[in-house]
Structures are given as structure tokens and as C-alpha cells.
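Worksheet: the structure to be examined is printed underneath.
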Protein chains: 2
Amino acid sequence: MSVTDFEQRRNSILEAVIEVYVTTASPVGSELISRKLRESLSPATIRNIMVELEEAGFLEQPHTSAGRVPTDRGYRYYINSLMEAMRLSTDESGRLGEAVQLLQQLEADAYFHRVSDMLSEMSGQAAFVMAPTIKRTTVKQIELVPVSARKLLCVLVGQETLVVSHVVETEEPLSREEVAALAHFLNAELVGLPTQEWLVSLERRLLAVNDSLYYLVKRSLHLLQIVLATEPEERLFIEGIFNLFTAPEARREPQKVQQLLYYLDSPELLRELIREDLAREGTHVRIGQELGVEGVDEWSYVLSPFRHHHAIVGGVGVLGPKRMDYRRARALTEHVAQLVSTTMARWEAGA
Amino acid sequence: MSVTDFEQRRNSILEAVIEVYVTTASPVGSELISRKLRESLSPATIRNIMVELEEAGFLEQPHTSAGRVPTDRGYRYYINSLMEAMRLSTDESGRLGEAVQLLQQLEADAYFHRVSDMLSEMSGQAAFVMAPTIKRTTVKQIELVPVSARKLLCVLVGQETLVVSHVVETEEPLSREEVAALAHFLNAELVGLPTQEWLVSLERRLLAVNDSLYYLVKRSLHLLQIVLATEPEERLFIEGIFNLFTAPEARREPQKVQQLLYYLDSPELLRELIREDLAREGTHVRIGQELGVEGVDEWSYVLSPFRHHHAIVGGVGVLGPKRMDYRRARALTEHVAQLVSTTMARWEAGA
DNA sequence: GGTTAGCACTCTAGCAACACGAGTGCTAAT
DNA sequence: ATTAGCACTCGTGTTGCTAGAGTGCTAACC
């Protein structure tokens, strides 16, 4: 028997262990695997291979007389090398498509919220959507509305039905004409430029400007600094937290859920991880400790990016117990991400 | 011994039982109460009175040889009749005041969110804020911005830094002049009128209008119907859910937490209760089954309304186990509600 | 008559002892 | 290389027991 045959056998047994464990949530014994592989190998042989897998760090035993459970490393190997893509049933993908079709009439925030809801429901896990804000897209129009002597409502109309408005107190009172001039300047100068570059561009401008424009640039800077400061880079919609309780491990160890919820209570850390993942192409999976928080090691997420103009602008994810159906989760997030990408394009075309 | 003396003694024992139970979370025996009342009555006497309290439905025994636990009815009587007002320490109320002072520079949504956060932290429970939207206040200004041939950005500038914007597709393309005329009409007609009455008022107008205005009114109706339809009556910010896990009863019976979270996952029911409570003056307490959901009977909330122009426009609340420190919770919600009321006034003055 | 000491009673929490069963690792036979 | 057989390990669930907390009742007390 060649080396690759060995490899292959080890792999298929690891795969079988994971797949059984995912559905049963209790340690998997050699006999179960033997039966699952249609008796092609006896339990004793399976046990020998399991020892190898344990030595390689892919499996572990909760205690001597228990079956085996995948380690984080086992899941990782399974996901990277063994797991095949799964197609959603035409029924499911049809329903998803129709649902998203309906949702895209909503405003951006409500849309992302509901998409998150939907993903949570379809996966039976918690779900999240990392949605772009005005800071990640370009602005189509800037409007200034005086609301009192020294207060301006600054409205940024973005792509994709995104609208951001903010009341800003100006440094000095501005006349109607001054406001109009300022609005004109902002539109001429900044529309089309990525929001990220606005401040840098204006600051550069400030150095090389003649007197007549100086105040315009100065005021623009002041205004936009305030507007952009309060606007986050992206919005995170987490839904279906309740589903985290339904897993058997949650019932066995409620503190684990508690720790996760504590973690989610201030979602900055999670945000940071997602941001990091979205910097690179493709679907990402974080397993157990890879979530990077002491004590939160029983959970995983699967995250797929969605795009606008081929650039990644956000992502959708499923968050559940480490012991989750990664195949299905990946199929779902990728499909939903695809649908969201389509929505982004349609929003732009429609607006 | 007079009847009222009896009454008084029963009351003070019920009060003692509740206060001890709130801190210890385990059934309270007669000896403990006797000691708490400084030995003025022996355990045996306390027991006799406890039997009366049990017959009256204020206390119950988990089992024969356990101490007593307050019933919902017991809590209700305690809250309505026995509980004295509590003042926050000057230290605490000072910190609260300063914190709110800082927060009121934020936009309305962020402000309410953070107030909810703060209340959760101070109470050690979950907290919520029911915040008014544009539908509950009056609008100071209406602005229309064309974003494409048939799309209008409709911006409603409300009191209290509330701004709502919505992109609406018009029934037919409108010229710049038509948009300007529409905006002028809307401002003249609706500013100052409670948002609630807008549609009714316009519909009445539509019947009795001459030809030149007909289309203006028609368009206004169409526009505002869409804008107001998507805007909820109020927003509910729930924070500090994590705290619901820290109570000992949560550890003993995790399903109880689960059921509550399931309930909160779709907060429509909770919203409805709060709405109902806010229709009447004063601080409201909902105890156990009074939350109105089968299976969710171990939790309570304390809710205090805040006002603008003397009208109740929202409320702040603390949500925790039935066995919570109602005195402190009430002191907190009332104080915070007061601070929020002040913020509302200041927002109006400042804008 | 209200109050209280004394006491028998009840029930739970916690612990030890035990049997059971699942699953293992090893050995020897194939 | 594979596998049947078997002794071994260890967690789970059951039973039986004890200690302790708190009760209700009765009879004595003020």
C-alpha cells in the first residue's frame, strides 16, 4: 500500500469522525466509523489509525474510555484540505434569491439587518453582516441644510441608497450664500473621490491654496472631520443570538455561551477580526481559539465577502459552535454574499 | 394589639423576607428574619406570621423544609405599598449627571444607545431605552434633494438632533422647480404640526383644494406615506444582555435565560408592553408573568418615562431577575429618565 | 391571648458505593 | 497488514445513607 493510500485513508477517517461528531455532538468511537465506512475496515484498524490521527494532533480523547473528538487543528485540516464544496438545494437557493429580491427595496441598514436575520434562520446559527458605510464607498452628492444660525445639517448621499446625515456646529455663523458656496465647493471637489481620501486631499489643498478659497477649504475640513469622525468604518449586524443556546454543548456548559455573549457585548474585537479577514480574498473560517479571546474557544465563524465594483466592501457570516456544519455554512455564506453583491450593483444601477 | 399593628408586623416581615431574598437568592428561614429584626420576635412567632403571609399568597415554600420565597403577588404588594424611595448617593448621581452631559453631544441614536449602556452598567442588569423617533415629535424643517430623475432624498429635521432621511421614488419625473415648489409647500404646510397628523391633514386638504395645488398635495401625500411607513414609532435599545447571566438563578436554570433571550430576539412583544406602560404616568414595574409571555416568568422590569414639553415621549428601564433590587432599580431609572428629559430640553434649546 | 421553647417531622443536598457500558489498547492469530 | 478477542479504564447513573436546615405543632409561659 502506497504512502498516498495511507494518507487517503487517514483523511477519510478524519472526515468521517468530523461529520459524525457534527451531527451527534458526542465523542465518536471506532465502531461507528467502521459502520459508516460500510465495514470496509474493522473497528480495530480504525482504532490504529485513530491513534495516528491523535498523535498528529487532529483528534483527541476527552478521557480514556471515550471516543474521539476533533481538535481545532483537525477542523482546520478538514476545512482546508478535505471538505468539498456543497451546493444548496435549488429550493433553498431559490427561496434565498426571492427573499433578497424583496429585501433590496429596503434602505441599506434595514436590508443588511434582514439579510443577517435570514442567514441566521437558514443556518440555524447566529449570523452577522459586516456592512459598508459611507466611508467605504464613494459619495454621489453632498447637501448642506442650515438648521439654525450656526448649525448645518450635512447630508452625504452615497451609492446603494446609503444616506448619512449629521448636524454640525460651524465655527462661525454662515450666510445662506456662504453655505451655498460651500456646498458647491464640496460637490465639485469631493464627489467621485473615495471618502477615505477626502481629508488628506483637503489638507493638501489647504497648503497650496490662494486666499479666496482658503476659508472654503478650512470650513470643509472642519465640517467633514466632524461628520466622518462620528461615522464608523462599517456596521456590524448580529442576529439570531438565541440560536447559540440550542446546541447541546450550550446546555452542557452554559458558561461557554455566557463567555461568548460577553465577548459579543462589545463587538469591537469581533469587528477587528472580520476586518482582518476581509482584507484577503475568499471565504474565511475562524475556529475556536482563532477567535482570539481567552475563554472563547468553543465557537467558530464562517465568513464570505461581498463585493462592489470587484472590491470587497463587506461580508456575511455564520457564527456557531465549533462543531458546526462547515460545508453548509460555507455554501450559505457564499451564496448570500453573492446575492448581496448583486444587490449592490442593482442599487447603483437603480439610483 | 390593634389590627393595624398586626398589619404593620406582617408588612415588615414581608419586607424583610424580600430584602433578604434579594441579596441571598435562596429561601429565607424564620431565624434569619428574627435576627434581622434584632430579635424583637422569636423565630417561632415569625413562623406563625409567615404562615399567614403564605395563606395570603405573598410567600411560598419551594418544599416543606425550605424557607420562604416571595410570590409575584408578594413583590407586587411590596412595590406598591411597602417600598420606600431610595436616593442615589451623591457620588453616583454626580457621575450619572456628568456622563449624560458628555453623551448629549452625540446624535440621538448614539445618545440613547449609550444611555442604555450606562444604565445597564450602573444597575448590573440589562437595560433598555425606548426612544422617540420623528413620528413622536415635531419637525422643524423638511428638505428635498433630487438624487436622480425620479428619486428624491427626503430629509426631515426634527427636534433634538433627530434627522431622518429616506430616498423615495416619485410617481413621475420632477423638474428642479417642481421639487422646490414641493419643498416649499411641505414646509409651509407641515412644520410645527405633529408628525402623527400629517397624513390626515393632507388627506383632508386633498378634498377641498383647488386645481393649482392638487398635484402638490397629491405628491406630498405619496412622498410622506413612504417616508413615514418605513419609520418606526419608536426605537428600542436593549443593552447589557450579558448581565442576565450573572444572577445565581441563571446558573441554576439556564433555560430561563434562554427563554428570555428568545423573547427578546423579536422585541415586538416587549415594545408593546412598554408602549402600554408609557401611556400612563409614573414608574411602572412588570413582575414575572406580567411580562405576558408563557415561560418567561422569572424576570421583571422597572420602567420610568421621560418627557419633552411635559408629554411622555419615551422611557428608560432596567430588566433583570424577578429577584432584583427594585428600590435601587427604581431610583436609577427615575434619575436617568430625569436626565434624559433634561437632555431633550437642552437639545431643543441648542438647535 | 399572644408569645415562645422544645421537639418530632420532612425534605434536600451531598456523598459513597456500586454496577454498567462504552470504548480503548494490546496481543496473538490470520 | 488486518482483525478477533480480551482485559482494562473511566464516566454515567443508581441506590442508599447522613447531616442539616427549616418547618408545624404542642405545651408552657407571661
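Chain identifiers are assigned alphabetically (A, B, ...) following the order of the sequence lines, protein sequences preceding nucleic acid strands; residue numbering begins at 1 within each chain. All values reported here derive from a predicted model rather than from experimental measurement.
- One atom, CZ of A:R47, and another, P of C:dG23, lie 10 Å apart when rounded to the nearest Å.
- Annotation: B:Y75 is in aromatic contact with B:Y326 [ring centroid separation under 6.0 Å].
- Annotation: the span from B:I79 atom CD1 to B:S300 atom OG amounts to 6.5 Å, rounded to 0.5 Å.
- Residue B:R9 places no side-chain N or O under 4.0 Å from the OP1 or OP2 atom of C:dG2.
- Rounded to an integer number of Å, the gap from CD of B:E54 to C1' of D:dG22 is 13 Å.
- In this structure, B:I46 atom CD1 and C:dT3 atom P are separated by 10 Å, rounded to whole Å.
- In this structure, the CG atom of B:L32 is 12 Å from the P atom of D:dA21, given to the nearest Å.
- Straight-line distance from the CD atom of B:E52 to the P atom of D:dC25: 13 Å, rounded to whole Å.
- When distances are taken from the side chain of B:T45 to each of C:dG25, D:dG24, C:dT4, the shortest belongs to C:dT4.
- Considering only heavy atoms from C-beta on, B:R323 stays 4.5 Å or farther from B:E298 through its side chain.
- Whole-Å rounding puts the B:L59 CG to D:dT23 P distance at 11 Å.
- With contacts defined as side-chain heavy-atom distances shorter than 4.5 Å, the pair A:I274/A:L236 qualifies.
- Two residues are said to be in side-chain contact when any heavy atoms from C-beta on lie closer than 4.5 Å; A:L96 and A:L332 meet this criterion.
- Residue B:G67 is the one, among B:G67 and B:N48, whose nearest nucleotide of DNA chain D lies closer to the 5' end (criterion: closest heavy atom).
- Checking side-chain atoms of A:R76 against main-chain N and O of A:R286 turns up no donor-acceptor pair under 3.5 Å.
- Among the heavy atoms of the strands lying under 4.0 Å from B:Q61 are primed sugar atoms or P, OP1, OP2 only; no base atom is included.
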Produce the list of close N/O pairs, under 3.5 Å, pairing protein atoms with atoms of nucleotides 7-15 of chain D; give distances to one decimal.
residue: D:dC10; atom: O2; partner: A:S65; partner atom: OG; Å: 3.0

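- Rounding to whole angstrom units, CZ of residue A:R35 and C1' of C:dA22 are separated by 12 Å.
- When distances are taken from the side chain of B:L41 to each of D:dG24, C:dT4, D:dT3, the shortest belongs to C:dT4.
- The ring of B:Y262 has its center no closer than 6.0 angstrom to the ring center of A:F245.
- Contact annotation: the side chain of A:P62 approaches that of A:V69 to within less than 4.5 Å [non-hydrogen atoms, C-beta and beyond].
- For D:dG24, one of the phosphate oxygens OP1 or OP2 lies less than 4.0 angstrom from a side-chain nitrogen or oxygen of B:R68.
- DNA chain C lies under 4.0 Å from no heavy atom of any residue of residues 10-25 of chain A.
- Note: CD1 (A:I33) to P (C:dT24) measures 10 Å, nearest angstrom.
- Taken from CZ in B:R87 to NE2 in B:H335, the straight-line distance is 9.5 Å, to the nearest 0.5 Å.
- Between B:L303 and B:T333, the closest side-chain pair of non-hydrogen atoms is not below 4.5 Å.
- Residue B:S42 has its side chain nearest to C:dT4 when only C:dT4, D:dC6, D:dT23 are considered.
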